[in-house]
Amino acid sequence: MTRMPYYPMMLTLAGRRCVIVGGGNVAARKIRYLIASGAEVTVVSPTLTPELRRLVQEGNVVHLEREYACGDTEGALLVFALTDCAGVNERVAADARRDGALVNLTHAPELSDFANPGVLQQGAVQVAVSTGGASPTLTRLLMHKLSILMDEGLAELAEHLLQARHEAQSSFIDAKARHQVLRQYADQCWHAHELGEPLPVWSTWIQDFNSSHR
Ligand SMILES: C[C@@]1(CC(=O)O)C2=NC(=C\c3[nH]c(c(CCC(=O)O)c3CC(=O)O)Cc3[nH]c(c(CC(=O)O)c3CCC(=O)O)/C=C3\N/C(=C\2)[C@@H](CCC(=O)O)[C@]3(C)CC(=O)O)/[C@H]1CCC(=O)O
Ligand SMILES: NC(=O)c1ccc[n+]([C@@H]2O[C@H](COP(=O)([O-])OP(=O)(O)OC[C@H]3O[C@@H](n4cnc5c(N)ncnc54)[C@H](O)[C@@H]3O)[C@@H](O)[C@H]2O)c1
């Protein structure tokens, strides 16, 4: 039976409590992204990888150095059950759901409330890849292909376009006209980005645009 497709979204996690049960490599990979998103991370596990131990020492993660106990997931928005024991993961999931959290079980995508995509990032630009649980290896291959598009200039391009949007918002009252102009400007910036040329400066570009449309 084919499963329903995932609902894709980008979550704001700053200040939100996220609980990870298990302290192996899979946990380390998830925790890296959670910290980068500003989440308040607690990991419950008798053992930790060296990377996780360092993150705890640096004060980025709270560590409960013991096996999971009922109540650990209280107040969490997201709970990751990432131990190597299916029975423990399922107990964590049942408790967490009772507390209203969304749960990810490492061994059982079909029992999870969400899945973790592969992620590529350059500045504000993030690309998330999923194969609907079919093959994490295919995800990795796709990420490799996409990484060719994700050079450092993309971060600069996004920042540049954000500034232009701010300036356009304060100078164009008509939203439709603003969208049209910004789309043309973004096309030209993209073209320059692909050719490795300097990005057009908004103030000069908009002057030229206005005089040629008079
Ligand atoms: C993208 C990435 C993100 C991340 O996890 O952070 C990710 N898996 C990654 C790596 C990876 N995973 C596995 C291997 C070993 C090789 C292999 O088997 O291919 C490797 C390679 C490695 O670890 O190096 C094995 C594996 N994975 C899952 C199962 C269970 C099952 O399928 O039943 C098993 C069998 C476990 C076992 O039997 O032991 C399940 C899931 N893995 C997902 C994501 C979600 C679906 C993503 C999608 O739809 O494409 C989902 C559903 C989990 C979820 O709910 O989120 C990350 C790669 C990106 C990166 O490298 O950064
Ligand atoms: N979803 C994925 O992408 C993916 C990829 C590889 C492996 N896996 C699966 O994920 C599982 C975890 O992978 P790993 O490499 O991190 O494994 P691991 O064995 O390195 O880590 C398991 C962790 O769980 C902890 N743990 C065990 N029992 C616990 C309990 N009762 N309470 C709290 N913590 C407990 C251990 O101390 C350890 O830190 C594997 O069993 C594997 O099946 C999933």
Side-chain angles (χ1 to χ4, degrees), residues 1-56 60-121 126-147:
M1 192 184 80
T2 48
R3 62 184 302 289
M4 302 282 252
Y6 291 117
Y7 177 77
M9 64 177 165
M10 299 292 190
L11 279 179
T12 299
L13 283 185
R16 304 302 293 262
R17 177 168 154 80
C18 295
V19 175
I20 289 82
V21 184
N25 286 324
V26 172
R29 196 163 65 220
K30 308 293 190 279
I31 288 174
R32 234 176 275 145
Y33 286 112
L34 288 168
I35 292 174
S37 305
E40 302 278 336
V41 179
T42 296
V43 59
V44 186
S45 178
T47 67
L48 291 182
T49 65
E51 181 191 0
L52 286 178
R53 202 160 284 289
R54 182 177 53 77
L55 290 171
V56 171
N60 291 312
V61 175
V62 174
H63 181 202
L64 305 181
E65 195 171 355
R66 55 164 171 76
E67 293 200 343
Y68 168 77
C70 185
D72 286 343
T73 59
E74 234 167 71
L77 176 69
L78 302 181
V79 171
F80 297 76
L82 307 180
T83 78
D84 48 355
C85 174
V88 173
N89 291 345
E90 281 160 31
R91 194 153 54 86
V92 171
D95 293 346
R97 286 211 180 92
R98 238 184 342 263
D99 292 337
L102 293 173
V103 193
N104 177 258
L105 295 87
T106 187
H107 73 287
E110 68 286 357
L111 300 181
S112 297
D113 298 318
F114 64 94
N116 299 277
V119 180
L120 294 164
Q121 177 164 12
Q126 288 178 291
V127 172
V129 180
S130 168
T131 59
S135 166
T137 305
L138 178 57
T139 301
R140 199 185 274 277
L141 289 169
L142 281 168
M143 283 165 70
H144 180 71
K145 290 269 181 216
L146 289 167
S147 68

- prompt: Between Lys30 and Leu82, is any pair of side-chain heavy atoms under 4.5 Å apart?
  reply: yes

- prompt: Does Val43 reach the side chain of Leu64, with side-chain heavy atoms less than 4.5 Å apart?
  reply: no

statement: Interatomic distance, CG@Asp72 vs OG1@Thr42, rounded to 0.5 Å, equals 9.0 Å

- prompt: Heavy-atom distance under 4.5 Å between the side chains of Val129 and Pro117, does that happen here?
  reply: no

query: Just wondering, do Thr106 and Thr83 contact through their side chains at under 4.5 Å, heavy atoms?
result: no

- prompt: Could you go step by step and tell me if Val92 and Val79 meet the side-chain contact (heavy atoms from CB on, under 4.5 Å) rule?
  reply: CA-CA 8 Å; Val92 171; Val79 171; 3.6 Å; yes

statement: In terms of heavy-atom contacts, Asn116 and Phe80 come closest through OD1-CE2, 3.5 Å

message: Using every non-hydrogen atom in the two residues, find where Ala27 and Leu52 come nearest and quote the distance to one decimal.
response: CB-CD1, 4.3 Å

- prompt: Are Ile20 and Leu34 close enough that some pair of their side-chain heavy atoms sits under 4.5 Å apart?
  reply: yes

message: Does atom CZ (Arg17) have a neighbourhood of more than 12 heavy atoms from anything else shown, all under 6.0 Å?
response: yes

message: I need the Tyr33 OH to Leu13 CG distance, nearest 0.5 Å.
response: 14.0 Å

- request: Starting at NZ of Lys145, measure out to CG of Leu142 and round the result to the nearest 0.5 Å.
  value: 9.5 Å

- line: Rounded to the nearest 0.5 angstrom, the CD-CE distance for Gln126 and Met10 is 5.5 Å

query: If we only count heavy atoms from C-beta on, is the Asn60 to Val41 side-chain gap below 4.5 Å?
result: no

query: Should Val62 and Val56 be marked as a side-chain contact (heavy atoms from CB on, under 4.5 Å) after you check the CA-CA gap, both sets of side-chain angles, and the distance that decides it?
result: CA-CA 6 Å; Val62 174; Val56 171; over 6 Å; no

query: Looking only at heavy atoms, what is the nearest atom pair of Val44 and Tyr68, with distance?
result: CG1-CA, 3.8 Å

message: Side chains of Thr49 and Asn25: any donor to acceptor distance under 3.5 Å?
response: no

query: Between Leu77 and Leu102, does a side-chain contact (heavy atoms from CB on, under 4.5 Å) hold up when you go through it step by step?
result: CA-CA 6 Å; Leu77 176 69; Leu102 293 173; 5.7 Å; no

statement: Separation between CG (Asn89) and CG (Leu105), nearest 0.5 Å, reads 5.5 Å

- prompt: Is there a side-chain contact between Ser112 and Val103, using heavy atoms and a 4.5 Å cut-off?
  reply: no

Point-to-point distance, once rounded to the nearest 0.5 Å, from SG of Cys85 to CZ of Arg91: 8.5 Å

Donor-acceptor side-chain pairing of Asp113 and Asn104 below 3.5 angstrom: no

Qualifying residues under side chain to side chain donor-acceptor pair (under 3.5 Å), relative to Arg98, sequence neighbours excluded: Asp95

query: Is it true that a side-chain atom of Ser45 and a backbone atom of Thr47 form a donor plus acceptor pair closer than 3.5 Å?
result: yes

message: On a heavy-atom basis, which atom in Ser147 and which in Leu120 lie closest, and how many Å separate them?
response: N-CD1, 3.9 Å

task: Assess whether atom CD of Glu74 is packed by more than 12 heavy atoms of other residues, nucleotides or ligands within 6.0 Å.
output: no

- prompt: CE of Met9: more than 12 outside heavy atoms within 6.0 angstrom?
  reply: no

- line: Shortest non-hydrogen pair, His107 vs Ala86, comes out as NE2-CB, 3.6 Å

- line: Contacts satisfying salt bridge (Lys or Arg N to Asp or Glu O under 4.0 Å) that involve residues 43-55 (not counting sequence neighbours) are Arg32-Glu51, Arg54-Glu58

task: Show your reasoning for whether side-chain contact (heavy atoms from CB on, under 4.5 Å) applies to Val61 and Ile31.
output: CA-CA 9 Å; Val61 175; Ile31 288 174; 3.9 Å; yes

Which atom of Tyr6 lies closest to which atom of Gly132, heavy atoms considered: CE1-CA, 3.6 Å

message: Do Pro46 and Glu67 have side chains that approach each other closer than 4.5 Å (heavy atoms only, starting at C-beta)?
response: yes

